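Down below is the structure, laid out as structure tokens.
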Amino acid sequence: MSNESNIERHTIAVLVDNEAGVLARVIGLFSGRGYNIESLTVAEVDQAEHTSRITVVTVGTPMVIEQIKAQLARLVPVHKVVDLTVDTKAVEREMALIKVSGSGDKRVEALRLSDAFRARVIDTTHNSFVFEVTGAPDKIDAFIGLMRPLGLVDVSRTGVVAIARGPEAM
Amino acid sequence: MAAQELTGAEIVIKALVDQGVDTIFGYPGGAVLPIYDALFQQNKIRHVLVRHEQGAVHAAEGYARSTGKPGVVLVTSGPGATNAVTGLTDALMDSIPLVCLTGQVATHLIGNDAFQECDTVGITRPCTKHNWLVNSAKELTRVMHEAFYVATNGRPGPVVIDIPKNVQFEKAEYVGPQNVVHKTYRPKVKGDVEAIKAAVDLIATAKKPIFYTGGGIINSGPFASQLLREFVKLTGFPITSTLMGLGAFPASDKQWLGMLGMHGTYEANNAMHDCDVMINIGARFDDRVTGRIDAFAPNSKKIHIDIDASSINKIIHADIGIVGDAGHVLEDMIRIWKSKAVKIDKSALADWWKQIDHWRDRRSLDYKKSDEIIKPQYAIERLYQLTKDRETYITTEVGQHQMWAAQHYHFEKPNRWLTSGGLGTMGYGLPAAIGVQIAHPDALVIDIAGEASIQMCIQEISTAMQFMAPVKIFILNNEYMGMVRQWQELLHGGRYSHSYSESLPDFVKLAEAFGAVGIRAKTPGELDDKIKQMIDTPGPVVFDCVVDKFENCYPMIPSGAAHNEMILGDDPEAAMVTEEGKMLV
């Protein structure tokens, strides 16, 4: 049933009960059934209710994407599964910390470009910067691409978080 | 009412009693001693001591599948838990409700590689429906009651509760099951009415319909089987079933086509292939059923009713998917069918039956009879004829004998047929039979086995002896791992790599060593008398039925083939398996 040509990328939000091992269940589901994880983020979102929100970006055929959602929904501690790519218009953001080492022209150029991307300098030495940059994943990809010839040494990315536009909760 | 303070171990026992548990299957060890101590001081729950933890889980499966109640297992930490893993996976694949309690090292030792420590929740996460590590006695009551709720509601399955030893000593308040509501788990049991109406409309247009039913009907309970019978009668359509669904519809009925799939009947598989409307109730399009996916019932519209939304559109596209319990959906479907006063195309249906009768005439389960040697099919036929009028339960191991049992033993009622369908676990049958016998002390319980499979959990004969569970182990002894040998013959040029059952024990003497009765039959002439002798023996029997060593199990859909490309027993030259097919087996 898999057809290479109709692979889609979906961002799925999963609201789970924040019990021990819940993240392992989600990750185990993906690895055990051979689904892809492009990125995955998780944090508690409601302390009183003990709920966490997992945002997972995955790729697959429409049939596989449907399976992923159904499989997630049948996990016992899962409250809700929403496909932010299909069900709603959503905004997606990712943050990255990017370390660039070097001196001279390259250092100046890195700083100039960071300004164009509205990246912030959050650490500096005489021969390095750490930039904080936020945006859609392709913006971060572009920034990393520009930094590569300028002395890129280290990248740390959060993975995508996403939320639906409009007044409703998920 | 004043709050009751109980130890964790007492909470476990009280929760089991409140959940209606009368029997548990287990094996003691260091990390569950407090629970065993609490068990010793009560008389509401019977404990069946097995000889290996895998046996405990299979026995609990047998108990569960034959009663409709959840099975309960109690094992220790470390090896106790890891030995249970095969049984848990088996129960997950076949949707059997189980609650498995495992001991764990004390909480302060967890993660320290303590003696008999293992990461039980980590190991059992993929082979359970859900599992819990209980960190304090305060959580224990809630988790116990939740566990029964999760195991038995929605698609049933096994759950594990891992209880550290110090938690078993710790005191906490006990709460009754009525006060525990699960936070998140709300499975859908009622099907969407609009979808059911659409399904009825589609069924009404059918010219070549077929019911394809599975274990979901059995799991839904006897009422679902009744409703299925009613609906099949209302429509007059043919019906086939998966291995797991046998017994939901009576095999003696004219509308019954026999089992479908790899070793299903010619008429069932051809009817599946040629049908125009397929009504799947509680089956999951397993690869042993579908054969080649892109050639599966190519001209049909498919209705799929399943309690698990993830089963729908997983393998085969459903034109109408209905998420719900088989019984509930059937009830609605029959009501809507009647209220719409559906008129089916009777002449098309008559033509369809004519075609099916033509396939039936092929008599695909026939085999060459012999006067000198016991054919395995003949052995099952005789066993069926001599036991069918009793309250009989059949379990099996895995392999050729299992398929012959499915083909030649016929079931009229649900919950009478217990086999490892999804996982295909050799060693399932004997402990499962013990579980059935414990639940139904007066029934005739027979494990149809092979000489290879039976050795995988043979130690449980000792359990049968101890608990006076008079199970009959009917071994079709062909001195081969027969199904492995069959595939080596068909796929690997007859190179029988390690499939000969070398150095077999003398099963009659083995039975006697356990204190059971051993019987051997070598010729067709003596078979009936020996089977009667087995039935009349009050205790456990090991029946060594020496059968034709080289008989193969037909009919067969070779791997990578379609339903209408079956190999029949009298035409084995057609056994062509493609290179792609070899990869699929």
Side-chain angles (χ1 to χ4, degrees), chain A residues 1-4 6 8 10 12-35 44-54 58 60-83 86-87 170, chain B residues 89 92 95 107 110 119-136 139 142-143 146-147 149-151 153-155 157-160 162 182-188 284-285 287 290 292-294 296 304 306-318 321 323:
Chain A
M1 276 283 168
S2 63
N3 183 348
E4 296 290 315
N6 59 352
E8 296 174 358
H10 284 242
I12 297 167
V14 190
L15 198 65
V16 299
D17 220 42
N18 189 14
E19 61 174 42
V22 65
L23 183 60
R25 276 178 219 288
V26 171
I27 291 171
L29 168 65
F30 276 78
S31 64
R33 293 187 182 267
Y35 307 142
E44 189 168 72
V45 289
D46 190 330
Q47 272 189 328
E49 291 287 319
H50 293 290
T51 51
S52 288
R53 181 168 171 137
I54 297 172
T58 184
T61 62
M63 201 160 164
V64 167
I65 300 283
E66 283 310 307
Q67 258 301 295
I68 290 173
K69 288 187 278 184
Q71 292 289 350
L72 285 168
R74 81 203 267 263
L75 293 177
V76 169
V78 166
H79 287 270
K80 207 169 181 191
V81 178
V82 175
D83 186 341
V86 169
D87 302 343
M170 92 175 253
Chain B
T89 311
L92 184 72
S95 307
T107 43
I110 290 178
D119 177 7
T120 301
V121 287
I123 291 169
T124 61
R125 198 174 286 127
C127 65
T128 54
K129 185 172 170 186
H130 196 61
N131 62 13
W132 295 261
L133 170 63
V134 182
N135 283 306
S136 87
E139 302 166 21
R142 175 183 59 79
V143 170
E146 278 187 5
Y149 170 77
V150 170
N153 282 276
R155 181 175 178 174
V159 299
V160 162
D162 198 26
H182 197 277
K183 242 170 125 179
T184 47
Y185 190 60
R186 302 276 180 280
K188 192 166 175 275
R284 60 182 174 87
F285 295 109
D287 55 274
T290 58
R292 203 171 88 221
I293 295 284
D294 58 9
F296 177 73
H304 189 179
D306 203 298
I307 197 158
D308 180 355
S310 75
S311 284
I312 296 170
N313 291 326
K314 179 171 72 179
I315 295 160
I316 297 290
H317 170 74
V323 180

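All values reported here derive from a predicted model rather than from experimental measurement.
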Checking B:Arg125 now: which residues fulfil salt bridge (charged side-chain N to carboxylate O under 4.0 Å, His left out) with it, not counting sequence neighbours?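 Not a single residue meets the salt bridge (charged side-chain N to carboxylate O under 4.0 Å, His left out) criterion with B:Arg125.
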List for me each residue that meets salt bridge (charged side-chain N to carboxylate O under 4.0 Å, His left out) alongside B:Lys188, sequence neighbours excluded, and say none if there are none.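 Salt bridge (charged side-chain N to carboxylate O under 4.0 Å, His left out) list for B:Lys188, sorted by chain: empty.
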Is it the side chain or the backbone of [X] that comes within 4.5 Å of chain A heavy atoms, both, or neither?
{"X": "B:Val121", "value": "neither"}
{"X": "B:Ile312", "value": "backbone"}
{"X": "B:Asn135", "value": "neither"}
{"X": "B:Arg186", "value": "neither"}

Non-hydrogen atoms of chain B under 4.5 Å away: do they reach the side chain of [X], the backbone, both or neither?
{"X": "A:Gln71", "value": "both"}
{"X": "A:Ala24", "value": "both"}
{"X": "A:Val78", "value": "backbone"}

Locate the shortest heavy-atom distance separating A:Glu49 from B:Lys183; write the atom from each residue and the value.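 Closest pair (atom of A:Glu49, atom of B:Lys183, distance): O-NZ, 3.4 Å.
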Mind listing the closest non-hydrogen atom pair of A:Val14 and A:Leu72 along with its distance?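 Taking A:Val14 first and A:Leu72 second, the nearest heavy atoms are CG2-CD1, 3.9 Å.
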Compute whether any side-chain donor of one residue and acceptor of the other, for A:Glu44 and A:Asn18, lie under 3.5 angstrom apart.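 Indeed, the side chains of A:Glu44 and A:Asn18 share at least one donor-acceptor pair under 3.5 Å.
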Pair A:His79, A:Asp17: side-chain N/O donor-acceptor within cut-off below 3.5 Å: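 Present: a donor and an acceptor within the cut-off.
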Counting heavy-atom pairs under 4.5 Å to chain B, which of A:Gly28, A:Gly32, A:Ala73, A:Ala70 comes out on top?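 Heavy-atom pairs under 4.5 Å are most numerous for A:Ala70.
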Please determine, among A:Lys69, A:Gln67, A:Arg25, the option with the most heavy-atom pairs under 4.5 Å with chain B.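 The option with the most such pairs is A:Arg25.
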So that I can tick it off, tell me whether B:Asp306 and B:Arg284 are bridged by a salt bridge, with the cut-off set at under 4.0 angstrom between side-chain N and carboxylate O.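 Salt bridge: no.
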